[in-house]
Colleague: 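Pasting in a structure now, in structure tokens, and then I'll have a few things to ask.
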Amino acid sequence: MQHRFEALGYTGQIAAIHGGMDVEERERQRIFFMPPAERLRQNLPNPDAPSARIMLATDAAGEGINLQFAWLMVNFDVPWNPARLEQRMGRLHRFGQRHDEVRIFNFIADKTREGDVLATLLAKLDEARRELCTDKVFDVVGQQLQELSIRDLLRQALFETAPYSAQKQLESLLATQRLRAAVEEQRKQASSFGDVAKRLGN
């Protein structure tokens, strides 16, 4: 993939993170991807050094790396587990994000059984996010799908004709009303935790 971008004229402008890197190299790549203004804001050395325009990353960048200075993500390979998809998006869509809009594109194979199931999953998540007017919906998706294996659903779809039972299960599990209740429950728990923390602090 990196060679393809270099062939398009991005040589020297690509940061990369993968599982074979140690923590220090991952951080160097993150800083290389960081715009000069953000480096300056964080008082990093050499803020005017050239920065990458693109970061290529495997799931090794899915957790623990803050990229809130970026606002555009393309998932070439949508993970089986929606909670991992939420973790990826959380690298950008987090506290400190200064762009009004974060855009995330998920590539799926058109006119395939796998693509149909994943398209249903992504459509239900987007529908819930819009109807609930909150991105908190992504925080509860993992809880809703704890007992469910997307991989198993895709296997089932291999032996069925559309619409697949996997799509029906996802539509049921990710129904807006169900997600609304889960988001409300999470808010209550966070509020209760905050109250306990205040009492302990006094």
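FYI, the numbering just counts along the sequence from 1. Values in this document were obtained by computation on a predicted structure and should not be read as measured data.
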Colleague: With a 4.5 Å limit on heavy-atom distance, are the side chains of Ser51 and Gln13 in contact?
Modeller: no
Colleague: Below 4.0 angstrom, N of the basic side chain to O of the carboxylate: do Glu24 and Arg26 qualify?
Modeller: no
Colleague: Hydrophobic clustering (ILVMFWY, side-chain heavy atoms < 4.5 Å, transitive) - are Met21 and Ile31 grouped together?
Modeller: no
Colleague: For the atom pair CG (Asn106) and CG (Asn75), what is the distance rounded to the nearest 0.5 Å?
Modeller: 4.5 Å
Colleague: Looking at every non-hydrogen atom in both residues, tell me the closest pair between Leu40 and Pro47 and how far apart they are.
Modeller: N-CB, 3.8 Å
Colleague: Is a side-chain donor or acceptor of Asn46 paired with a backbone partner of Ala49 at a separation under 3.5 angstrom?
Modeller: no
Colleague: Short question: side chain of Arg30, backbone of Leu67 - any donor-acceptor pair under 3.5 Å?
Modeller: no
Colleague: Would you say Arg53 has more than 12 foreign heavy atoms packed within less than 6.0 Å of its CZ?
Modeller: no
Colleague: When you measure from the side chain of Gln29 to the backbone of Ala16, do you find a donor-acceptor pair of N or O atoms at a distance under 3.5 Å?
Modeller: yes
Colleague: Before you tell me yes or no, could you show the steps for Gln2 and Tyr10 under side chain to side chain contact (heavy atoms under 4.5 Å, CB included), namely the whole-Å CA-CA distance, both residues' side-chain angles and the distance that decides it to 0.1 Å?
Modeller: CA-CA 9 Å; Gln2 185 164 344; Tyr10 291 99; over 6 Å; no
Colleague: If you group Ile, Leu, Val, Met, Phe, Trp and Tyr by side-chain heavy-atom gaps below 4.5 Å, do Val74 and Ile17 land in one group?
Modeller: no
Colleague: Can you name the closest pair of heavy atoms from Phe33 and Ala15 and give their distance?
Modeller: CB-CB, 3.9 Å
Colleague: Any heavy-atom pair between the side chains of Gln68 and Leu92 that's under 4.5 Å?
Modeller: no
Colleague: Would a distance-only check, ignoring hydrogens and angles, find a side-chain to backbone donor-acceptor pair under 3.5 Å from Arg91 to Ile65?
Modeller: yes
Colleague: Start with the C-alpha distance between Arg103 and Trp71, add both sets of side-chain angles, then the distance that settles side chain to side chain contact (heavy atoms under 4.5 Å, CB included), and finish with yes or no.
Modeller: CA-CA 6 Å; Arg103 296 191 173 209; Trp71 60 275; 4.3 Å; yes
Colleague: Counting only N and O atoms by type, is there a donor-acceptor contact under 3.5 Å from the side chain of His18 to the main-chain atoms of Gly20?
Modeller: yes
Colleague: Calculate, to the nearest 0.5 Å, the distance between atoms CE and CG belonging to Met34 and Asn66 respectively.
Modeller: 8.5 Å
Colleague: Hydrophobic clusters here meaning ILVMFWY residues chained together by side-chain heavy-atom distances under 4.5 Å, can you tell me if Met89 and Phe105 are in one?
Modeller: no
Colleague: How far apart are the C-alpha atoms of Phe5 and Leu56, what are their side-chain angles, what is the distance that settles it, and do they pass the side chain to side chain contact (heavy atoms under 4.5 Å, CB included) test?
Modeller: CA-CA 10 Å; Phe5 280 111; Leu56 297 177; 3.6 Å; yes
Colleague: Step by step, work out the salt bridge (charged side-chain N to carboxylate O under 4.0 Å, His left out) result for Arg4 and Glu6.
Modeller: CA-CA 5 Å; Arg4 292 184 183 181; Glu6 288 172 345; over 6 Å; no
Colleague: Please confirm whether the backbone N or O of Ala7 pairs with a side-chain atom of Thr11, one donor and one acceptor, at under 3.5 Å?
Modeller: no
Colleague: Please determine whether a side-chain nitrogen of the Lys or Arg among Arg88 and Asp59 lies less than 4.0 Å from a carboxylate oxygen of the Asp or Glu.
Modeller: yes
Colleague: Within the distance-only criterion (no hydrogens, no angle test), does the side chain of Gln42 pair as donor or acceptor with the backbone N or O of Leu44 below 3.5 angstrom?
Modeller: no
Colleague: Establish whether Ile104 and Met55 are linked, either directly or via other cluster members, by ILVMFWY side-chain heavy-atom contacts under 4.5 Å.
Modeller: yes
Colleague: Show, in sequence, the C-alpha distance, side-chain angles and deciding distance for Arg39 and Arg41, and conclude whether the side chain to side chain contact (heavy atoms under 4.5 Å, CB included) test is met.
Modeller: CA-CA 5 Å; Arg39 291 182 197 162; Arg41 193 175 0 263; over 6 Å; no
Colleague: Assigning hydrophobic clusters by single linkage (Ile, Leu, Val, Met, Phe, Trp, Tyr; side-chain heavy-atom cutoff under 4.5 Å), is Phe107 placed with Leu8?
Modeller: yes
